[in-house]
Amino acid sequence: MAAPKKGRSASAQSKPVRSLVLILIAIVGLTAGMFASGHTTPRLGIDLAGGTSITLRAVPEDGNESAINKTNMDTAVSIMERRVNGLGVSEAEVQTQGDRNIIVNIPKGTNSKQAREQVGTTAKLYFRPVLATEPSGGAAASPSPSASDGATGTASPSASASPTDGETATGTESAEATPSGSATTQGRAVTDALKADPTPSASDSAAATDEGAASDSKVQEEYAALDCSKEDVRTEAGEGAKPENSTVGCGEIQGVWYKYLLGPAAVDGTEVDDAQAVYDTQSGAGWKVQMDFSSAGAKKFADITGQLAQNQSPQNQFGIVLDGEVVSSPYVSQSITGGNAEISGSFTQDEAQSLANMLSYGALPLTFQEDSVTTVTAALGGDQLEAGLIAGAIGLALVVLYLVIYYRGLSFIAIASLLVSAALTYVIMSLLGPAIGFALNLPAVCGAIVAIGITADSFIVYFERVRDEIREGRSLRPAVERAWPRARRTILVSDFVSFLAAAVLFVVTVGKVQGFAFTLGLTTVLDVVVVFLFTKPLLTLMARRKFFASGNRWSGLDPKALGAKPPLRRTRRPAVPVDPKEA
């Protein structure tokens, strides 16, 4: 009987060490991941790092409230992200707030006026005929394209659109050659407008579909000088172009940027009634995008596709241009009638859905009004961060002072637990920045300060349970073990209430208040982890030390100071004779 008992005792003694080793491994692993990622500090929000925060409110036109829905708002967010990123901003945040608001947070170092102009305007979508196209920048195979049938060059895949019995247009993926700059019959078939003051890059390849579309030689010069491989150039390409004028644009095909010379807009995006991504289950051709036009848009689309079908590549393509960027450039083989069309090719589901959303967004009766703009300078943000850190340090110092005065030796365990909790919080916040875009703002700092009290409260609950057991006359080691189940229940209930409050606050609120709720919820979860894997095991080990086990007056567990009862006896009292009369 003695051997099994001894074995159980050895197993119990190893558990505290096992728990401490486990949490140590977790801290080391997370810290190594933090340094490996290169993000050794938490990402700061606008109010701490400085920058501009813009609040936009969706306003339906003609009272069409149904246009404001999650799908359309998410599409608007993706378009605004592309706009802001076009400004060279790498850490901008664009997110929905509630049902109809969009918050755009732009870090310091960005032209706030330009950013407001970029995100505050409604997206414009146009279908423009392609007059010329070629790889841009270092990817260009030749200085200018032509449309020779026998020309060779860099292949540029694009989706195609062709009609099927006047119903839904279909198409297949093909590779279009980007030809050399030699003169060809097609290259000479230019309009009189383009013949005036021609440039080498446009006169050999551009064939206009409308005599008044490319009459401005300035557009030809812009096309010749356009380098779409540069991000700042892409942002300004086609800026301010009117629908009735020719323009230039940039588009990306399989990782290569192409520049486009585009004719006047043939169809407006508002004339697309609907667009959706569907999977072709019959032919197994993959994902495609279906478009439905209004009656006016259907006629215009049939006219332009009929004209393009008579041309050779690339003049048989039309560019789908969103905010100056050519998001797709399908080609046609004959006029597409019937008011609907399909764009097919080697689309993934995400690519097809993205294109469908862009096409749909151009048709939305949805605009955005600027509700508020908050600009925080870097200096002000630094002051707020410093003030928050000072407040946190003062709060931590007061808690530590209270623990030292009241709990004396036990304060060592509490302070060590606070340090472990702080280390885990810091490392996880640093990792969450690049992982999910978490930014530490001023309310989040407030949540971390509040969490100091919540974490200390868990230690206090456990320590007081242990003291109660000592007051009952038990020695320290059994008191630590008997107090844990009762303290554990109280800690879990308290932390669950705090986490529930943080979760509700995170769900029902928006904006910066969510930072407070997220930090409060995160630190509450970490409090449970630290208490179970560090505080309890450490106190179990310390209870075996003579300083604590003997009840030293500086340990905080002195039985006399706690008013303990005489030690509990496990032996039964001797039997006392009972008087029969009393019985």
Side-chain angles (χ1 to χ4, degrees), residues 75 77-90 92 94 118 123-145 153-161 171 173-179 201 205 222-239 241 247-262 269 275 277 286-289 313-314 316-331 343-362:
T75 302
V77 167
S78 65
I79 292 173
M80 290 181 184
E81 282 181 339
R82 185 169 56 83
R83 288 178 173 183
V84 176
N85 291 333
L87 300 175
V89 181
S90 59
V94 184
Q118 286 284 335
K124 297 298 182 183
L125 180 74
Y126 298 107
F127 292 78
R128 293 177 176 268
V130 175
L131 307 180
T133 182
E134 64 177 301
S136 184
S142 60
S144 64
T154 305
S156 58
S158 67
S160 67
E173 181 75 9
S174 67
E176 298 177 10
T178 301
S201 64
S205 61
E222 290 179 1
Y223 176 77
L226 185 62
D227 184 0
C228 291
S229 63
K230 298 179 180 179
E231 187 174 0
D232 55 341
V233 176
R234 295 197 300 267
T235 304
E236 299 177 357
E239 186 176 7
T247 185
V248 296
C250 297
E252 188 178 16
I253 301 175
Q254 294 186 345
V256 178
W257 283 99
Y258 283 71
K259 64 179 180 179
Y260 291 83
L261 179 61
L262 305 165
W287 287 91
K288 58 186 179 182
V289 179
S313 178
N316 63 346
Q317 297 175 238
F318 64 85
I320 302 175
V321 185
L322 179 67
D323 284 347
E325 180 179 339
V326 181
V327 296
S328 182
S329 56
Y331 65 83
I343 302 177
S344 61
S346 299
F347 288 126
T348 64
Q349 181 178 1
D350 291 340
E351 291 170 345
Q353 187 62 57
S354 176
L355 179 57
N357 287 342
M358 291 178 181
L359 291 169
S360 297
Y361 190 78

- Tell me, please, which residues at least two apart from Tyr126 pass side-chain hydrogen bond (donor to acceptor under 3.5 Å, both in side chains).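 Counting only residues at least two positions away or on another chain, Tyr126 forms no side-chain hydrogen bond (donor to acceptor under 3.5 Å, both in side chains).
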With a 4.5 Å heavy-atom cut-off, do [X] and [Y] have their side chains touching?
X      : Y      : answer
Glu134 : Tyr223 : yes
Phe127 : Ile320 : yes
Ser329 : Tyr260 : yes

Taking atom [atom1] of [X] and atom [atom2] of [Y], what is their separation to the nearest 0.5 Å?
X      : Y      : atom1 : atom2 : result
Lys259 : Ser229 : NZ    : OG    : 10.0 Å
Ser136 : Trp257 : OG    : CH2   : 10.0 Å
Glu222 : Thr247 : CD    : OG1   : 6.5 Å

Any idea which heavy atoms bring [X] and [Y] closest together, and the distance?
X      : Y      : result
Gly249 : Cys228 : O-SG, 4.0 Å
Ala132 : Pro314 : CA-CG, 4.3 Å
Val256 : Pro135 : CG1-CB, 4.4 Å

- Item | Sequence-distant partners of Val321, side chain to side chain contact (heavy atoms under 4.5 Å, CB included), two or more places apart |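 Testing Val321 for side chain to side chain contact (heavy atoms under 4.5 Å, CB included), a comparison that skips the adjacent residues, returns Arg128, Leu262, Val326.
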